[in-house]
Q: 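The structure that follows is given in the form of structure tokens.
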Amino acid sequence: MTPSREKFDLDDLVTRLRTAAKGNDPRAAIKTILEDAVKDPQHVQDGIPTFEDNDTILFEDDTVSIWHCRFMPGYSVPAHDHQMFATIGVYRGAERNDFFENNPNGGIRKSSEVKLSAGQVLAIGPSAIHAVGCASIEPCCGIHVYLGALTTVDRSLFDTTDNAVLKFTDENYQRLISTD
């Protein structure tokens with residue numbers, strides 16, 4: 001008989017991430033916590049609540065922002081920056097991150113792509129510019145952790161069609177969402 005396992009506890013995960021954000025090496029600690037949390041993606045899926053919105057803030061203060069993010073098949077969010085370190089742990093589906101760099105001729109150009117499958121974690125730096133989309137036939141879900149108060153930072157969106165840099169606003173964000 002297999003021993004029973006405790007149900008995935010999102011509140012406990014948020015508490016551990018909040019504590020890690022205040023520690024000596026928050027980037028490494030957060031990455032380790034997310035790796036441990038999503039190493040068994042089915043366990044997370046079975047225990048995490050269903051969120052109505054695609055983006056749900058689980059917690060935010062001056063040290064850390066913790067979000068649950070869902071990306072639907074066929075949709076991509078526009079290229080953007082965070083102005084802070086970010087760590088992504090995927091527990092359902094697959095997430096495609098297209099990274100961009102400055103183009104000497106103006107604007108930005110795609111420099112690389114990283115696909116995260118369920119059970120994988122990615123850490124990105126504060127100057128990274130990326131667009132995110134679902135790379136699976138099912139929705140992609142993950143926990144995204146930012147070292148700072150993401151909702152209060154001046155951020156940018158990048159219109160890769162017009163090579164324009166825009167202020168990160170809900171209106172600009174919605175206008176630049178693309179479908180495959």
Side-chain angles (χ1 to χ4, degrees), residues 17 21 26-28 30-31 34-35 38 41 51-60 62-180:
L17 291 167
R27 290 184 292 163
I30 287 168
K31 187 171 187 230
L34 283 180
E35 286 171 340
V38 302
F51 295 101
E52 186 174 321
D53 295 327
N54 287 335
D55 296 318
T56 302
I57 300 173
L58 303 174
F59 178 82
E60 182 173 88
D62 289 340
T63 60
V64 68
S65 300
I66 305 168
W67 291 57
H68 178 271
C69 297
R70 177 177 54 229
F71 300 99
M72 302 306 287
Y75 286 85
S76 295
V77 301
H80 59 279
D81 61 20
H82 298 121
Q83 300 297 316
M84 60 187 67
F85 287 99
T87 308
I88 301 163
V90 175
Y91 70 86
R92 180 180 179 202
E95 179 180 303
R96 185 190 71 253
N97 286 265
D98 294 327
F99 288 94
F100 295 84
E101 63 187 8
N102 288 321
N103 186 340
N105 299 325
I108 59 172
R109 67 177 175 210
K110 185 175 172 180
S111 58
S112 64
E113 178 180 304
V114 176
K115 182 178 172 185
L116 295 174
S117 297
Q120 294 182 312
V121 173
L122 174 69
I124 61 176
S127 61
I129 299 169
H130 73 147
V132 183
C134 182
S136 54
I137 59 171
E138 66 177 322
C140 173
C141 297
I143 305 297
H144 292 219
V145 181
Y146 309 93
L147 281 176
L150 186 65
T151 61
T152 66
V153 174
D154 284 331
R155 301 168 53 204
S156 297
L157 289 166
F158 299 83
D159 184 336
T160 56
T161 303
D162 295 336
N163 283 326
V165 179
L166 307 169
K167 182 172 180 61
F168 194 112
T169 65
D170 286 338
E171 181 181 310
N172 286 337
Y173 182 85
Q174 292 300 322
R175 184 175 60 79
L176 293 174
I177 288 177
S178 66
T179 57
D180 299 338

Q: Atom OG1 of T56 and atom CD1 of I66: how far apart are they, to the nearest 0.5 Å?
A: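 Rounded to the nearest 0.5 Å, the OG1-CD1 separation comes to 13.0 Å.
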Q: Tell me whether R155 at atom CZ has more than 12 heavy atoms from other residues, nucleotides or ligands lying less than 6.0 Å away.
A: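 Yes.
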Q: Can you say whether the rings of H130 and H82 are parallel (under 30°), tilted (30 to 60°) or perpendicular (over 60°)?
A: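 Rings of H130 and H82: perpendicular, over 60°.
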Q: Strictly below 4.0 Å, N to O, side chains only: are K31 and E35 in salt-bridge contact?
A: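 E35 and K31: salt-bridged.
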Q: Between F71 and H144, what is the ring plane arrangement, given parallel below 30°, perpendicular above 60°, and tilted in between?
A: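 Rings of F71 and H144: tilted, 30 to 60°.
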Q: Evaluate whether atom NZ of K115 has more than 12 neighbouring non-hydrogen atoms of other residues, nucleotides or ligands under 6.0 angstrom away.
A: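 Open: at most 12 neighbouring heavy atoms sit under 6.0 Å from NZ of K115.
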Q: Once rounded to the nearest 0.5 Å, what's the spacing between atom OG of S178 and atom OH of Y75?
A: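 Rounded to the nearest 0.5 Å, the OG-OH separation comes out at 10.0 Å.
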Q: Go through the steps for R175 and D159 under the test side chain to side chain contact (heavy atoms under 4.5 Å, CB included), then give the verdict.
A: CA-CA 10 Å; R175 184 175 60 79; D159 184 336; 4.1 Å; yes
Q: So, R96 and S76: side-chain donor and acceptor under 3.5 Å apart, yes or no?
A: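 Distance-only check passes for R96 and S76.
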Q: Compare all side-chain heavy atoms of V64 with those of L17 and state whether any distance is below 4.5 angstrom.
A: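 A side-chain contact under 4.5 Å is absent here.
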Q: Spell out, as yes or no, whether a donor-acceptor pair under 3.5 Å connects the side chain of T87 to the backbone of A123.
A: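 Not a single qualifying donor-acceptor pair exists.
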Q: Side chains of N97 and I124: closer than 4.5 Å at any heavy-atom pair?
A: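 N97 does not reach I124 side chain to side chain.
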Q: Rounded to the nearest 0.5 Å, what separation is found between the CD1 atom of I88 and the CD1 atom of I143?
A: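 If I round to the nearest 0.5 Å, the distance is 11.5 Å.
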Q: Within this structure, what is the CG-CE distance for the pair L147 and M84, rounded to the nearest 0.5 Å?
A: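 Answer rounded to 0.5 Å: 8.5 Å.
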Q: Counting C-beta onward and ignoring hydrogens, is there a side-chain heavy-atom pair between T151 and S65 closer than 4.5 Å?
A: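 Contact flag for T151/S65 side chains = no.
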Q: If every non-hydrogen atom of V121 is compared with every non-hydrogen atom of G89, which pair is closest and at what distance?
A: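 Scanning both residues completely, I find the closest heavy atoms to be CG2-CA, 4.0 Å.
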Q: Can you confirm whether P73 sits close enough to I137 that some side-chain heavy atom of one is under 4.5 Å from a side-chain heavy atom of the other?
A: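 No - every pair of side-chain heavy atoms lies 4.5 Å or more apart.
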Q: Specify the closest pair of heavy atoms between V90 and G93, including all atoms of both residues, with the distance to one decimal.
A: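 Minimum heavy-atom separation between V90 and G93: CG1-O, 3.9 Å.
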Q: As an exercise, state the distance from SG of C141 to OH of Y91, rounded to the nearest 0.5 Å.
A: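 Rounded to the nearest 0.5 Å, the SG-OH separation comes to 4.0 Å.
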Q: Check for a donor-acceptor pair, side chain of R70 on one end and backbone N or O of D53 on the other, with a separation under 3.5 Å.
A: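 Yes, because the side chain of R70 sits within donor-acceptor range (under 3.5 Å) of the backbone of D53.
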Q: Please report the closest heavy-atom contact between C134 and C140, naming both atoms and the distance.
A: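 Shortest heavy-atom contact: SG-N, 3.8 Å.
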Q: Run the numbers on H68 and L58 for side chain to side chain contact (heavy atoms under 4.5 Å, CB included), then give the verdict.
A: CA-CA 7 Å; H68 178 271; L58 303 174; 4.2 Å; yes
Q: Looking at L150, is its backbone amide N or carbonyl O close enough to the side chain of E60 to form a donor-acceptor pair, meaning the two atoms are under 3.5 Å apart?
A: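 Judged by distance alone, yes, a pair lies under 3.5 Å.
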Q: Can you confirm whether F168 sits close enough to S156 that some side-chain heavy atom of one is under 4.5 Å from a side-chain heavy atom of the other?
A: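 No, every pair of side-chain atoms sits at 4.5 Å or beyond.
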Q: For residues L166 and L176, determine if any side-chain heavy atom of one lies less than 4.5 Å from a side-chain heavy atom of the other.
A: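 In contact.
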Q: Kindly give the heavy-atom pair with the smallest separation between A21 and T63, and that separation in Å.
A: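 Of all heavy-atom pairs spanning A21 and T63, the closest is CB-O, 4.2 Å.
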Q: What's the separation between atom CZ in F158 and atom CG in N102, rounded to the nearest 0.5 Å?
A: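 Reported to 0.5 Å precision, the distance equals 7.5 Å.
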Q: Short question: side chain of D55, backbone of W67 - any donor-acceptor pair under 3.5 Å?
A: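 No, the answer is negative, given that no donor and acceptor are paired below the 3.5 Å cut-off.
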